[in-house]
2 protein chains.
Amino acid sequence: MSEEEQKRAEDCSAALRNSSLRVTKQRVAVLQAVDTHPHADTETVIRAVREDLPEVSHQAVYDSLHALTEVGLVRCIQPSGSLARYERRVGDNHHHLVCRSCNLIVDVDCTIGRAPCLTPSHDHGFIVEQAEVTFWGLCSDCAVDTPEQERERSESSSAA
Amino acid sequence: MSEEEQKRAEDCSAALRNSSLRVTKQRVAVLQAVDTHPHADTETVIRAVREDLPEVSHQAVYDSLHALTEVGLVRCIQPSGSLARYERRVGDNHHHLVCRSCNLIVDVDCTIGRAPCLTPSHDHGFIVEQAEVTFWGLCSDCAVDTPEQERERSESSSAA
DNA sequence: ACCGTTTCCTTGACTGATTCAAAACAAGCC
DNA sequence: GGCTTGTTTTGAATCAGTCAAGGAAACGGT
């Protein structure tokens, strides 16, 4: 393990301890995997974790992701039609840009801060805690494709 | 069938025809069910359709919902942790308020029109087609509960 | 450093929404 | 009315995610 990796592992351990979670190598590996693979789905996280710990069970990864989500160290997002995806960036009110064709997700900062449209005009008696914004469109790679190529790409990506 | 129901059925038939879809009683019933049960999940739609057509297969409902979504007659939304839900209101840029406790969904109009925050500051080369806003919070019923009651309600609703 | 308690991980089976495939059927056009 | 094509039924399969029980590891105290 390189010096840098070592440091990252220690950061993750500290984060777990600060959240009153037991520090296990499985959880550290899951947190690192989410950190290095932003917006990864569960299977990607499992594969990433298994590069360090080849024998982890998928259940351990599911449990870790839930525990980390529970204490707010990671955030789970599920754009329509996608599997659950996890990210380490939390608490900074950023939003997501999702490609309809290849399912690529990128972060967008909310530069306007407390934007006016994020307070619903009629809250129907709701206590609103959070506004989640998802922008749908085509990423630059998919935008240059012909419609046929887009369709193929979409089919192969949704099959994967 | 009452005169009013008759009229609704004809409206739905016309909508199907206008979208170049074959008019089958299953599709008409599915479209009506989505119209009368806003934000219903698939199982609710199936139950509603079976009040008129007791023998519909669930597959027919899934196929119809997909076909209707494809041509834009209905819209599919999937807030994190929810099953797929469908609604008839399309193309009017409205958004949703979701209760974290009981999963109630209500519509909110975007009164500000083309709101400034709905254009991402850095679009990363994306062609952005649509912004989807989901407000998370507690509905008025759940807000008056104690935390314990909320937890129970959430457990029973997520089990349902 | 060791022990005990508590929490976590592994294993393996299971659930439930959604999808697949093939044959029976119905809508729309002639 | 009959033909063609697209839709529905039927029944099974898939697959992300969950449940449960026993073994194992982490933390706090000795």
Side-chain angles (χ1 to χ4, degrees), chain A residues 9 12-31 33 40-47 49-50 52-71 73 76-86 103 154-155 158-160, chain B residues 9 12-31 40-47 49-50 52-71 73 76-86 103 154-155 157-160:
Chain A
C12 290
S13 304
L16 286 168
R17 236 185 308 273
N18 289 339
S19 301
S20 313
L21 287 181
R22 286 207 177 166
V23 179
T24 66
K25 47 187 184 312
Q26 291 87 345
R27 285 176 175 174
V28 172
V30 168
L31 189 48
D41 61 19
T42 311
E43 207 201 304
T44 305
V45 174
I46 292 176
R47 275 207 301 272
V49 169
R50 284 189 176 154
D52 286 332
L53 303 171
E55 301 303 323
V56 248
S57 63
H58 71 155
Q59 189 63 53
V61 175
Y62 276 102
D63 285 349
S64 300
L65 286 171
H66 288 166
L68 293 170
T69 304
E70 189 89 14
V71 300
L73 284 178
C76 176
I77 58 173
Q78 284 183 270
S80 290
S82 279
L83 301 179
R85 288 159 178 273
Y86 294 87
N103 286 326
S154 148
E155 277 161 10
S158 62
Chain B
C12 290
S13 304
L16 287 167
R17 237 186 307 274
N18 290 338
S19 300
S20 314
L21 287 181
R22 285 201 181 170
V23 180
T24 65
K25 48 186 184 312
Q26 291 87 345
R27 285 178 174 172
V28 172
V30 167
L31 189 49
D41 60 18
T42 311
E43 206 202 305
T44 305
V45 174
I46 291 175
R47 275 206 300 271
V49 169
R50 284 188 176 154
D52 285 333
L53 303 170
E55 301 303 323
V56 246
S57 64
H58 70 154
Q59 189 62 54
V61 176
Y62 275 102
D63 285 349
S64 299
L65 287 171
H66 288 167
L68 294 170
T69 304
E70 189 90 14
V71 300
L73 283 178
C76 175
I77 57 173
Q78 282 182 272
S80 290
S82 278
L83 302 178
R85 289 158 177 273
Y86 295 87
N103 286 326
S154 147
E155 278 161 9
S157 76
S158 61

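Chain A is the first sequence line, chain B the second, and so forth, proteins listed ahead of strands; every chain is numbered from 1.
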Practice task
Round to the nearest Å and state the distance from A:Ile46 atom CD1 to D:dT18 atom C1'.
Solution key: 13 Å
Handout entry: Shortest non-hydrogen contact from B:Arg27 toward B:Ser64
Key = CG-OG, 3.6 Å
Handout entry: Heavy-atom check, side chain of B:Asn103 versus side chain of B:Ser82, under 4.5 Å
Key = yes
Fill in the blank from the handout: Taking every heavy atom of A:Leu73 against every heavy atom of A:Ala15, the minimum-distance pair comes out as CD1-O, 3.8 Å
Handout entry: Separation of D:dT10 P from B:Gln26 CD (nearest whole Å)
Key = 11 Å
Exercise for the section: Flag the pair B:Leu16 / B:Thr24 as yes when at least one side-chain heavy-atom distance between them is below 4.5 Å, and no otherwise. Expected result: no
Exercise for the section: List the protein contact pattern of nucleotides 18-30 of chain C with one symbol per nucleotide (5' to 3'): B for base contact, S for sugar-phosphate-only contact, - for none; contact means a heavy-atom distance under 4.0 Å. Expected result: BBB-----BBS--
Problem - Value in whole Å for how far the P atom of C:dC9 lies from CG of A:Leu65 - result: 11 Å
Fill in the blank from the handout: Heavy-atom closest pair (A:Leu53 atom, A:Ala29 atom, distance to 0.1 Å) is CD1-CB, 3.8 Å
Completion exercise
Whole-Å distance, B:Leu68 CG to D:dG6 C1', equals 15 Å
Handout entry: Rounded to 10 degrees, the angle between the two terminal axes of the helix from C:dA1-D:dT30 to C:dC30-D:dG1, each from five pairs
Key = 40°
Problem - B:His58 versus B:Ile46, closest heavy-atom pair with distance - result: CB-CD1, 3.5 Å
Practice task
Check the distance between D:dG17's C1' and A:Arg85's CZ and give it to me in whole angstrom.
Solution key: 16 Å
Handout entry: Residues forming a side-chain hydrogen bond (donor to acceptor under 3.5 Å, both in side chains) with A:Arg47, sequence neighbours excluded
Key = A:Glu43
Exercise for the section: Measure the CD1-CG distance between A:Ile77 and A:Leu83 for me, rounded to the nearest 0.5 Å. Expected result: 12.0 Å
